[in-house]
Amino acid sequence: GDSVTQMEGPVTLSEEAFLTINCTYTATGYPSLFWYVQYPGEGLQLLLKATKADDKGSNKGFEATYRKETTSFHLEKGSVQVSDSAVYFCALRAGGGNKLTFGTGTQLKVEL
Amino acid sequence: DGGITQSPKYLFRKEGQNVTLSCEQNLNHDAMYWYRQDPGQGLRLIYYSQIVNDFQKGDIAEGYSVSREKKESFPLTVTSAQKNPTAFYLCASSPGTQVSGANVLTFGAGSRLTVL
């Protein structure tokens with residue numbers, strides 16, 4: 001079945017450091033890929049998405065490129081801020097319908 | 001503002017009791033979903049509904065029930081048959097399968113259920 005694997009957290013960085021959160025997937029066909037972010041005590045918000053190979057999703061300084069050859073969708077940001085502290089979820093949608101399959105989430109802590 | 005409202009935010013239940021979590025959306029979305037979130041396990045799909053009066057089981061439906069009598073509402077009942085109900089429950093919605101961008105989910109703020 002479809003699955004998403006994320007790097008385990010927590011990831012702790014100093015402000016202005018470079019961020020990479022790895023995400024790889026297993027799916028049939030050509031899935032759409034997503035990154036969601038969850039701030040403490042809140043629901044999930046869509047951060048960015050990509051719907052086909054080589055697409056790059058970007059938002060708020062975050063980027064992720066859909067790599068079909070490596071079945072990956074790694075999240076990157078060049079300079080993190082304390083306000084980026086949250087849990088980040090990688091997800092995919094494969095086939096028809098609207099169901100999303102989520103990874104286990106990666107907690108990011110950014111310190112001054 | 002359009003969005004999804006979940007209530008209550010916190011709920012405590014004694015063993016053997018059924019509880020119902022409310023989810024209301026004013027986004028005019030056709031599809032609605034319930035996910036369960038546990039530490040280290042991410043989000044798991046409980047039930048989803050793509051249209052009024054219809055719903056399907058997700059990956060972990062046992063011990064839960066839902067109804068979809070109105071487009072705006074998708075309540076989740078956690079029954080006494082659910083062996084480990086303590087978790088954070090998230091409701092979501094999306095426009096529908098025929099709409100561009102339909103696979104983008106909008107989430108509510110969640111309800112935390114604790115069984116005493």
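Chain letters run A, B, ... following the sequence lines, proteins first and then strands; every chain starts at 1. Just the heavy atoms: all of them, side chains too, but no hydrogens, waters or symmetry mates, feed the values below. These figures come from a predicted structure and were not determined experimentally.
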Inspect the surroundings of [atom1] in [X] and state if more than 12 heavy atoms from other residues, nucleotides or ligands are less than 6.0 Å away.
X      : atom1 : result
Y10(B) : OH    : no
Q56(B) : CD    : yes
E69(A) : CD    : yes
E15(A) : CD    : yes
Y39(A) : OH    : yes
K9(B)  : NZ    : yes

* Among residues 78-90 of chain A, which ones touch chain B with a heavy-atom distance under 4.5 Å? ->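 Within residues 78-90 of chain A, the residues under 4.5 Å from chain B are F89(A).
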* Hey, are the side chains of L90(B) and Q38(A) touching, using non-hydrogen atoms and a 4.5 Å cut-off? ->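 Yes, side chains in contact.
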* With a 4.5 Å heavy-atom cut-off (strictly below), which parts of residues 59-67 of chain B touch chain A? List them by number. =>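 Interface residues of residues 59-67 of chain B: none, nothing closer than 4.5 Å to chain A.
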* Residues of residues 106-116 of chain B with any heavy atom under 4.5 Å of a heavy atom in chain A ->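 Within residues 106-116 of chain B, the residues that come under 4.5 Å of chain A (heavy atoms only) are F107(B), G108(B), A109(B).
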In a table with atom names and distances, give each donor-acceptor pair under 3.5 Å that connects a side chain of residues 12-20 of chain B to protein atoms at least two apart or in another chain.
residue: R13(B); atom: NE; partner: Q17(B); partner atom: O; Å: 2.9
residue: R13(B); atom: NH1; partner: Q17(B); partner atom: O; Å: 3.0
residue: R13(B); atom: NH1; partner: V78(B); partner atom: O; Å: 3.4
residue: R13(B); atom: NH1; partner: T79(B); partner atom: O; Å: 3.4
residue: Q17(B); atom: OE1; partner: K14(B); partner atom: N; Å: 3.1
residue: N18(B); atom: OD1; partner: S80(B); partner atom: N; Å: 2.9
residue: T20(B); atom: OG1; partner: T77(B); partner atom: OG1; Å: 3.0

Would a single hydrophobic cluster contain both [Y] and [X], if residues Ile, Leu, Val, Met, Phe, Trp and Tyr are joined by side-chain heavy-atom contacts under 4.5 Å?
X      : Y       : answer
L92(A) : M7(A)   : yes
L13(A) : F62(A)  : yes
Y25(A) : F102(A) : no
V4(A)  : L75(A)  : yes
Y35(B) : L76(B)  : no

* Asked: Relative to chain B, which segment of L46(A) carries a heavy atom at a distance below 4.5 Å: side chain, backbone, both, or neither?
  ->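 Answer is side chain: those atoms of L46(A) sit under 4.5 Å from chain B.
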* Between atom OG1 of T101(A) and atom CZ of R44(B), what is the distance when rounded to the nearest 0.5 Å? ->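 The distance works out to 13.0 Å.
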* Rounded to the nearest 0.5 Å, what separation is found between the CG atom of L100(A) and the CG atom of L43(B)? ->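 Rounded to the nearest 0.5 Å, the CG-CG separation comes out at 9.5 Å.
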* **Selection from G103(A), G9(A), G41(A), G43(A) maximising heavy-atom pairs under 4.5 Å formed with chain B** =>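 So the answer, after comparing G103(A), G9(A), G41(A), G43(A), is G43(A).
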* Select one option (side chain, backbone, both, neither) describing which atoms of Q37(B) are under 4.5 Å from chain A's heavy atoms. =>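 Side chain of Q37(B) only, per the 4.5 Å heavy-atom cut-off to chain A.
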* To do: Search all heavy atoms of V104(B) against all heavy atoms of F34(A) and return the closest pair with its distance.
  =>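 Shortest heavy-atom separation between V104(B) and F34(A) comes out as CG2-CE2, 4.3 Å.
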